[in-house]
Each structure stands twice: as structure tokens, then as C-alpha cells.
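Just below is one structure, and these are the notes that go with it.
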Number of protein chains: 2
Amino acid sequence: MSTAKDRPAAHTRRLLVDEAARVLAEEGPAALSARRLVKAVGASTMAVYTHFGSMPGLVREVMREGIARFEGRVAEVAAGDDPVRELVELCRVYQEFARAEPEVYAVMFGGSGTAGFELTEDDRGMGVRLLRYPRNAIRRCAAAGRFRPDTDADLLVRQLFVQMHGLAQLAHAGYIIGVYGPDDVLAGTLRDFAVAAGDDPERAAASVRSGLAG
Amino acid sequence: MSTAKDRPAAHTRRLLVDEAARVLAEEGPAALSARRLVKAVGASTMAVYTHFGSMPGLVREVMREGIARFEGRVAEVAAGDDPVRELVELCRVYQEFARAEPEVYAVMFGGSGTAGFELTEDDRGMGVRLLRYPRNAIRRCAAAGRFRPDTDADLLVRQLFVQMHGLAQLAHAGYIIGVYGPDDVLAGTLRDFAVAAGDDPERAAASVRSGLAG
DNA sequence: TTATAGGTATAACGCTGTTATGACGCCGTT
DNA sequence: AACGGCGTCATAACAGCGTTATACCTATAA
């Protein structure tokens with residue numbers, strides 16, 4: 001029988017985080033249990049408490065790594081000559097992440113309660129930090145004359161955040177069905193967002209099409 | 001000692017639902033437990049299973065009553081001569097409900113996972129049914145010439161749903177903070193929604209102000 | 001009067017997160 | 001080289017959880 005003593009201590013921590021992320025992704029929050037995880041990596045329940053303090057502590061670590069992955073993808077969006085398209089691409093990346101890792105996403109933005117986990121002020125701060133990417137894009141839209149000169153990026157980025165989160169969550173819950181699906185709502189929402197911000201309807205539609213295409 | 005046998009059977013069911021709603025509202029999903037509830041109403045754990053089949057079944061009943069309360073308030077919004085204002089009022093009622101009963105709201109729209117509860121197709125259907133109120137309002141906006149004649153109410157109502165849900169959830173999670181709060185985002189979102197749908201910016205702003213005022 | 005159905009209480013099963021305890025090995029100090 | 005401390009570990013236990021098998025009691029129907 002292979003136990004945690006057979007390997008360097010730091011290894012056990014890594015294995016636990018990875019296994020937790022895997023179970024969360026593949027079987028959902030209800031399947032997460034300390035006993036299951038430690039059994040899978042060949043350790044005892046104490047491992048959870050020496051390394052993470054508690055089960056919510058382990059979930060928090062999974063969430064932190066999720067935020068890091070999220071930011072990594074967001075940062076990859078290249079600035080081009082169409083800032084509206086760039087904004088659309090950021091939103092596409094957002095939705096792709098939420099769709100690829102819905103449970104981690106839910107933990108990140110408070111829709112979960114998994115294993116008694118609750119967001120701390122620091123956690124929220126890490127989430128809010130991500131908003132600087134779309135906020136800068138919105139500012140570039142205004143600077144390029146696509147959005148109104150008096151555009152309030154602080155207000156608009158919150159409105160956009162709200163729309164992206166609502167879509168991600170409702171789509172995951174199965175509420176965006178029928179004649180229009182999540183992609184239709186995303187395209188419509190983004191176009192209307194740009195138009196209301198002052199962009200020309202035709203140009204906005206073109207930027208949305210091009211930004212969502214990839 | 002007062003037990004469940006001292007009263008008519010139907011009474012126990014009512015007491016359990018009420019106590020569950022109370023605990024959920026006052027102490028959150030984590031505080032919900034069968035043993036606690038039956039202890040509070042003077043019954044045994046079997047009561048949960050004879051009346052609701054399971055704990056998720058009890059939560060489902062709490063949710064159903066929540067939807068009924070929600071629809072009751074939504075239906076109270078009177079149709080006047082300003083359909084945009086009516087739409088804004090519906091959204092105000094939506095946000096007020098989500099703020100007053102955040103845990104019930106979370107169960108209704110899938111952001112919870114409370115006590116292993118999962119939405120069924122029927123549950124979602126009851127939620128989707130509520131969308132006919134804003135959908136009708138949007139159609140009236142188009143008929144009154146405020147929104148474009150080719151307004152697609154099916155698409156727009158989904159976009160609005162997404163915005164209202166995102167705001168409710170993120171505000172509850174503590175993510176809408178700083179220079180602009182939930183009310184600012186709500187006002188901005190509704191104004192931009194109307195403008196993108198074709199309404200005159202000044203009239204839209206006026207309808208939003210008047211609709212949010214009450 | 002007897003049969004049936006429904007609600008109830010008790011006690012138990014296996015699961016959960018968590019913790020007290022004691023042992024082991026590594027590492028810097030004396 | 002011997003020591004002390006620290007981090008990690010396995011074991012075993014505790015209280016609580018959702019759930020269920022069982023037996024009992026009562027009210028209604030045949």
C-alpha cells in the first residue's frame with residue numbers, strides 16, 4: 001500500500017488540489033469529500049488539515065488556481081486595431097472558461113457554497129482585479145471614438161460583468177433554452193452593449209461577429 | 001413534551017416548510033438540517049420523508065412557494081401609459097425580491113446546491129413562465145413605438161433575464177462594490193437596454209428614473 | 001368488527017468534517 | 001555526534017448529517 005510517507009511532503013498537497021479539481025469538474029461539488037480525496041492520493045484525513053486547514057481551505061486553493069488560469073487566458077487576448085472586437089473577445093474567453101470549468105467558476109463568483117466554502121474579501125479582490133482587462137478595453141473603445149467620449153468605464157465594466165456572469169450562470173443552470181441559446185444571447189447582449197455605449201450599430205455588429213468567431 | 005401526534009397531520013407539513021424557509025432566510029443553506037427542523041417543530045426525522053420524500057424535496061417545496069410569492073409581486077405591477085416604465089418596474093420588483101430573499105432566490109435559479117437540491121425540468125419551467133411578464137412589456141414597448149418595430153421580444157427578454165440575474169447574484173456575493181453599487185448598475189443597465197432597443201435616450205432615462213422610484 | 005392506509009417514534013446504518021493523540025523523520029543547533 | 005523542535009503522518013474517535021427498516025397507533029372503510 002502506497003502512503004503519503006513514501007513521497008516528499010509538498011507532493012501530497014499538489015495531488016490533493018489536483019484530485020479535488022478533477023472531482024469537482026467531473027462529478028460536481030456534492031462528490032467532494034475529504035475521505036474520498038485522501039483515499040485517492042493515499043493519505044489520511046489529516047493531510048487536508050495540515051495542508052489546508054479545512055475542506056473549505058482546500059476548495060479555496062482550487063479556486064485560486066482557477067482564477068490564475070482564468071487570468072492567463074484573459075491576458076492572452078491581443079490588442080489590435082479594433083478595441084470593440086477586443087472587448088468581445090474578452091467576453092468570449094469569459095464564457096468559454098465558465099463553460100469549460102463551471103464548478104470552479106461557480107466557486108469563484110459565489111454561486112456555490114461548495115463544502116461550506118465562503119468568499120473572503122481577498123477572494124473577491126482577486127476577482128475584481130480581472131475587471132481591469134475589460135475596463136481598459138472599454139477605455140480604448142472611447143479613445144478610438146467608437147464609444148461616446150464621456151464613457152464611464154467604471155460603470156460600464158460593472159454592467160458588462162453583470163451580463164457575463166448572468167449568462168454564464170443561467171446557461172449552466174439550463175435556463176437559456178428554446179428559440180435562442182447562450183450564444184445568441186451573448187451576441188445580442190454584446191451588440192446592444194456597444195450600441196448603447198455609442199458605437200455605430202453596423203460596426204458594432206461586425207466587431208461582435210469577428211470577435212466571437214475567434 | 002409536544003409531539004407531532006398532538007396535531008392534525010397537515011399541520012406538521014406546514015410547520016416544516018415555514019421553519020425551513022425561516023432558517024434558510026436567517027442562517028443560510030448550511031444551517032438547514034432535517035434533525036434541526038423536526039426538533040424545532042416537535043416531530044421526528046420521518047416527518048421529512050413522509051411529507052417530502054427527502055431533504056431536497058423539502059427545499060423544492062420552499063422554492064415553489066418562493067416562486068409563487070415572486071409571481072404574486074410581479075403580477076401586481078400595473079400597466080400604465082409608459083410600457084418602458086412598466087418594464088423597469090418589473091426589474092425593480094425582481095431585484096427587490098432577490099434582495100429580500102436571497103437564499104430562496106438562489107435555489108430558484110440554480111445558484112445554490114442547498115442540501116443536495118437540483119433543479120428539475122418542471123422547476124425551470126416555472127421559472128421560465130415568469131418571463132412572460134417582461135416579454136409582454138417588451139412587446140408593448142415596441143407597439144407603442146418606443147422600441148424598434150422589428151424588436152425580437154424572445155431574444156430581448158433573455159438578455160434582460162441574464163442582466164437581472166447577474167446583478168442579483170453578484171450583488172449578493174458582494175462583487176458590486178466601489179464607486180458604483182447595485183442600484184447604479186441597475187439604472188445604467190436598464191437605460192442602456194432601452195436605448196439599444198431603440199428608445200430615445202432622454203425618454204429612456206426618464207422612464208428608468210420614474211420606474212425605479214416606485 | 002376487522003382490514004387498510006397513513007402518520008409517527010425509535011433506533012440504526014454509513015457517511016460527513018473535524019480533532020486529539022502519538023509516532024516518525026528531517027534539519028539546524030549545541 | 002547528540003539534541004530539540006517542527007512539520008507531516010496514521011490512527012481512532014466524536015458529533016452531526018441524510019436516510020431507512022421497523023413497529024405502533026389511529027382513523028377510516030368494508
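The chains referred to below are lettered A, B, ... by the order of the sequence lines, with proteins before strands, and numbering in each begins at 1.
When heavy atoms are screened at a 4.0 angstrom cut-off, A/Ala115 is found touching no nucleic acid atom at all. Across all strands, B/Ser44 comes closer than 4.0 Å to base atoms (heavy-atom distances).
Rounded to an integer number of Å, the gap from A/Arg13 CZ to D/dC9 P is 12 Å. Taking atom CE of residue A/Met46 and atom C1' of nucleotide D/dC9, one finds them 8 Å apart after rounding to whole Å.
For A/Tyr94 and A/Tyr105, the ring centers are positioned less than 6.0 Å apart.
Classification of the B/His165-A/His165 ring pair by plane angle, with boundaries at 30° and 60°, yields parallel.
Looking at B/Gln159 and B/Val162, their side chains never come closer than 4.5 Å, going by heavy atoms from C-beta outward.
Contact of A/Ser54 with C/dT18 (side chain to base): no donor-acceptor pair of N or O atoms is detected under 3.5 Å. Between the base of C/dT8 and the side chain of B/Thr50 there is no donor-acceptor pair shorter than 3.5 Å. B/Arg35 contributes no side-chain N or O that forms a donor-acceptor pair with the base of D/dG16 under 3.5 Å.
When all heavy atoms are compared, the tightest approach of B/Gly181 to B/Ile176 is C-CG2, 3.6 Å. Of all non-hydrogen atoms in A/Ala196 and B/Ala196, the two that sit nearest each other are CB-CB, 4.4 Å.
Scanning residues 19-32 of chain A for heavy-atom distances under 4.0 Å to DNA chain D yields an empty list.
With a 6.0 Å radius and a threshold of 12 heavy atoms from other residues, nucleotides or ligands, A/Glu118 has its CD atom at or below the threshold.
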